[in-house]
Trainee: 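My structure is below; once you've seen it, I'll send some questions.
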Amino acid sequence: MTAFLLGFGIILIMLNIIAIKKEKGSFKYTLENTEKDMNDFQIEIGKLRKEIGESILDLQKEIEDIKSSLECVKVSESHKIDEQQTVDHIIDDNIIESSSESIETMEANIKIKEDREKSEKESGDILKGNSIKVEQIGNMISLGMSVEEISEKLNVGKGEVLLIKELYLK
C-alpha cells in the first residue's frame, strides 16, 4: 500500500510539472509578459488603433442611416410619380378611346376592302397557275412521259400529277 501511495504521489508531481511547462507556453502567459514588456509608444499606438476603429464604426452607422433615409424618400417619391402616371394614363385612355372608335371603324373598312381585293387576285392567280400546270402536264402525258418524269421536270408531287391526269384530262 505504501508503494501505491508513493507511485500515486510521483504521478501527481509529474502531472503538475507538465502543467506548469504548458502554462508558460500558453496565450495568457504570453499576453501577460508582453503587457509587462510593452513600451509607452506601443501603448499609444494601441489606443490610436482603438479610436480609429471606433470612428470607422460610427461612420459606417451614419452611412447606413443615410441610405435608409434615402430609400424612404425614393419610395415616397415613386408613389407620387406612380399616382400622377396613373391619372395621366386614365386621361390619355379616355381621349384615345373617344378618337379611336372612329379610327377603328375606318381601319376595319380599309382592311375589309384590302382583303376582298387580295382574295380576288389570289383566286385569279390560282386559276391561271392551275390551268398552266394542267396544260403542261397534259402535253407531257401526250408525249408519253411517265408520272415520275413529269413530277421531276415540273417539280411537283406525283400525287398532283396523277390527280390532274385523272380529273382534268378525261
Trainee: With sequence neighbours left out, what residues match Lys47 under side chain to side chain contact (heavy atoms under 4.5 Å, CB included)?
Mentor: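 Partners of Lys47 under the side chain to side chain contact (heavy atoms under 4.5 Å, CB included) test: Ile43, Glu44.
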Trainee: What donor-acceptor contacts under 3.5 angstrom involve side-chain atoms of residues 145-155, with partners at least two apart or in another chain?
Mentor:
unit_1, atom_1, unit_2, atom_2, d
Ser146, OG, Glu149, N, 3.3
Glu149, OE1, Ser146, N, 3.1
Ser151, OG, Val147, O, 3.3
Ser151, OG, Glu148, O, 2.9

Trainee: Apart from Leu15 itself, which Ile, Leu, Val, Met, Phe, Trp or Tyr residues share its cluster (side-chain heavy atoms under 4.5 Å, direct or through members)?
Mentor: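 Hydrophobic cluster check, Leu15: joined to Ile11.
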Trainee: For residues 59-70, which side-chain donor-acceptor pairs fall under 3.5 Å, sequence neighbours excluded?
Mentor:
unit_1, atom_1, unit_2, atom_2, d
Ser68, OG, Glu64, O, 3.4
Ser68, OG, Asp65, O, 2.8
Ser69, OG, Asp65, O, 3.4
Ser69, OG, Ile66, O, 2.8

Trainee: Tracing side-chain links under 4.5 Å among I, L, V, M, F, W and Y, which residues wind up in one group with Ile52?
Mentor: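 Under the 4.5 Å side-chain rule, Ile52 groups with Ile56.
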Trainee: Hydrophobic side-chain clustering at under 4.5 Å (ILVMFWY, transitive links): who's grouped with Phe8? Put none if nobody.
Mentor: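 Members alongside Phe8: Leu12.
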